[in-house]
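Each chain gets a letter, A, B and so on, in the order its sequence line appears, and its residues count up from 1.
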Amino acid sequence: MRNCGQFWVLTMAKLSRKLPLSFYRRPDVVQIAKELLGKKLVSFVDGQLTSGLIVETEAYAGSTDRASHGYGGRRTARNEMLYQAGGVAYVYLCYGIHHLFNVVTNEAGIPHAVLIRAIQPEEGIEYMLRRAGKQQLDYSLTAGPGALSRALGIHYRQHNGVKLTGNLIWIEDALSVPDTEVVATTRVGVAYAQEDAWLPYRFYLRDNPWVSKAKGL
DNA sequence: ATTGAGATTATT
DNA sequence: ATAATCTCAATC
């Protein structure tokens, strides 16, 4: 019985609707960001299965996007994973405190990524609350990129570069989201990107209360 | 070697 | 408004 949890997690992962590499390795990162809405982001960290539906994303279009860590082909120890072939995680530390989870897309050498900005909790809510040191479930648990990583136990040292086809962090097909439910707007916190700050690269589910309350720009 | 700003959040 | 505090690029 003691191994039951792990058995089921691994079994369900095998039988699940886990997204294939072909989903990630497409060239249109903006389209992928939109399509990730309604998908289920799952983590199996420290023996705890936690998940939520993706309700907010942002596309970062690599070398041509002033807001991207890969702008102009910039390549450093921190952003190295951006240059991997699509289907791995790019997790970096923001403001020295927050672990921001990105989905790397496109082929190797092209630093495209989608930042996951908010999820609606599904499984393992007790584990998420414990990780956040919270007693009560409220929107602050997973509405915001730093908050969701904390809830899912995602850490930049342990999870930067992990394969999204593996059994640590992955994304499953879940809801079918019609275009009429998707809002496109400007990205958050990218004023430094000048004209690229006005690109409509942020997507969220209309009227979903788990979308982050961050102000645009 | 030092400094300032950043894909943020909780608190004052 | 501000603190918390890691990484990177620019400047000294």
Could you check how far [atom1] of [X] sits from [atom2] of [N], rounded to whole Å?
X         : N       : atom1 : atom2 : result
His69(A)  : dA9(C)  : NE2   : P     : 10 Å
Leu93(A)  : dG6(B)  : CG    : P     : 16 Å
Arg74(A)  : dA10(C) : CZ    : C1'   : 12 Å
Tyr90(A)  : dT7(C)  : OH    : P     : 11 Å
Leu100(A) : dT7(C)  : CG    : C1'   : 13 Å
His155(A) : dT5(C)  : NE2   : P     : 13 Å
His99(A)  : dA4(C)  : NE2   : P     : 17 Å
Tyr139(A) : dT9(B)  : OH    : P     : 17 Å

Under 4.5 Å between side-chain heavy atoms, counting indirect links through other Ile/Leu/Val/Met/Phe/Trp/Tyr residues: same cluster for Tyr60(A) and Tyr201(A) or not?
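No; tracing contacts between hydrophobic side chains, which count when under 4.5 Å, never links both residues.
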
Give every donor-acceptor pair under 3.5 Å between a side-chain atom in residues 114-122 of chain A and any protein atom, sequence neighbours left out.
from, atom 1, to, atom 2, distance (Å)
Arg117(A), NE, Glu56(A), OE2, 2.8
Arg117(A), NH2, Ser212(A), OG, 3.3
Gln120(A), OE1, Asn208(A), ND2, 3.0

Touch class at under 4.0 angstrom, heavy-atom based, for [X] against every strand present:
X         : answer
Tyr156(A) : sugar-phosphate
Arg75(A)  : nothing
Arg150(A) : sugar-phosphate
Ala147(A) : sugar-phosphate
Leu115(A) : base

Do any side-chain nitrogens or oxygens of Arg78(A) fall under 4.0 Å of OP1 or OP2 in dA9(C)?
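False: Arg78(A) side-chain N/O out of range (4.0 Å or more) of dA9(C) OP1/OP2.
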
Searching all strands shown, indicate the nucleotide that pairs with dC12(C) (Watson-Crick or G-U wobble; both distances under 3.5 Å).
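Pair assignment: dC12(C) / none.
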
Assigned partner base of dT5(C), Watson-Crick or wobble definition, under 3.5 Å
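Checking every strand shown, dT5(C) finds no partner, since no pair has both distances under 3.5 Å.
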
Heavy atoms from C-beta onward define the side chain here; which of dT7(C), dT9(B), dC8(C) lies closest to that of His98(A)?
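Closest of the options to the side chain of His98(A): dT9(B).
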
Among dT7(C), dG6(B), dA10(B), which nucleotide has an atom closest to any side-chain atom of Lys134(A)?
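Per side-chain heavy atoms of Lys134(A), the pick is dA10(B).
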
Please find the pair of heavy atoms, one from His99(A) and one from Val91(A), that lie closest to each other, and give the distance.
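Looking at all heavy atoms of both residues, the closest pair is CB-CG1, 4.2 Å.
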
Can you see whether His112(A) engages Asn106(A) through a side-chain donor-acceptor pair at a distance of less than 3.5 angstrom?
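The criterion, which ignores hydrogens and geometry beyond distance, is satisfied for Asn106(A) and His112(A).
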
Map Thr76(A) and Ile97(A) onto DNA chain C by nearest heavy atom, then report which one ends up closer to the 5' terminus.
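Looking at the nearest nucleotide for each, Ile97(A) comes out on the 5' side.
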
Using the side chain to side chain donor-acceptor pair (under 3.5 Å) rule, take Arg66(A) and Tyr71(A) through it: C-alpha gap first, then chi angles, then the decisive distance, then the call.
CA-CA 5 Å; Arg66(A) 293 182 121 86; Tyr71(A) 176 63; 3.3 Å; yes

Let me have the donor-acceptor pairs involving side chains of residues 27-46 of chain A, under 3.5 Å, with sequence neighbours excluded, atom names and distances please.
from, atom 1, to, atom 2, distance (Å)
Asp28(A), OD1, Val30(A), N, 3.2
Asp28(A), OD1, Gln31(A), N, 3.1
Gln31(A), NE2, Glu35(A), OE2, 2.7
Glu35(A), OE1, Arg26(A), NH1, 3.2
Glu35(A), OE1, Arg26(A), NH2, 2.8
Glu35(A), OE2, Arg26(A), NH1, 3.3
Lys39(A), NZ, Glu35(A), O, 3.1
Lys39(A), NZ, Asp173(A), OD1, 3.4
Lys40(A), NZ, Glu123(A), OE1, 3.0
Ser43(A), OG, Thr50(A), OG1, 2.6
Ser43(A), OG, Leu152(A), O, 2.8

dT5(C) to dT12(B) separation - P atoms, rounded to the nearest Å:
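Each nucleotide's P atom is 15 Å from the other's.
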
Between dG4(B) and dT2(C), how far is it from one P atom to the other, in whole Å?
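Those two atoms are separated by 16 Å.
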
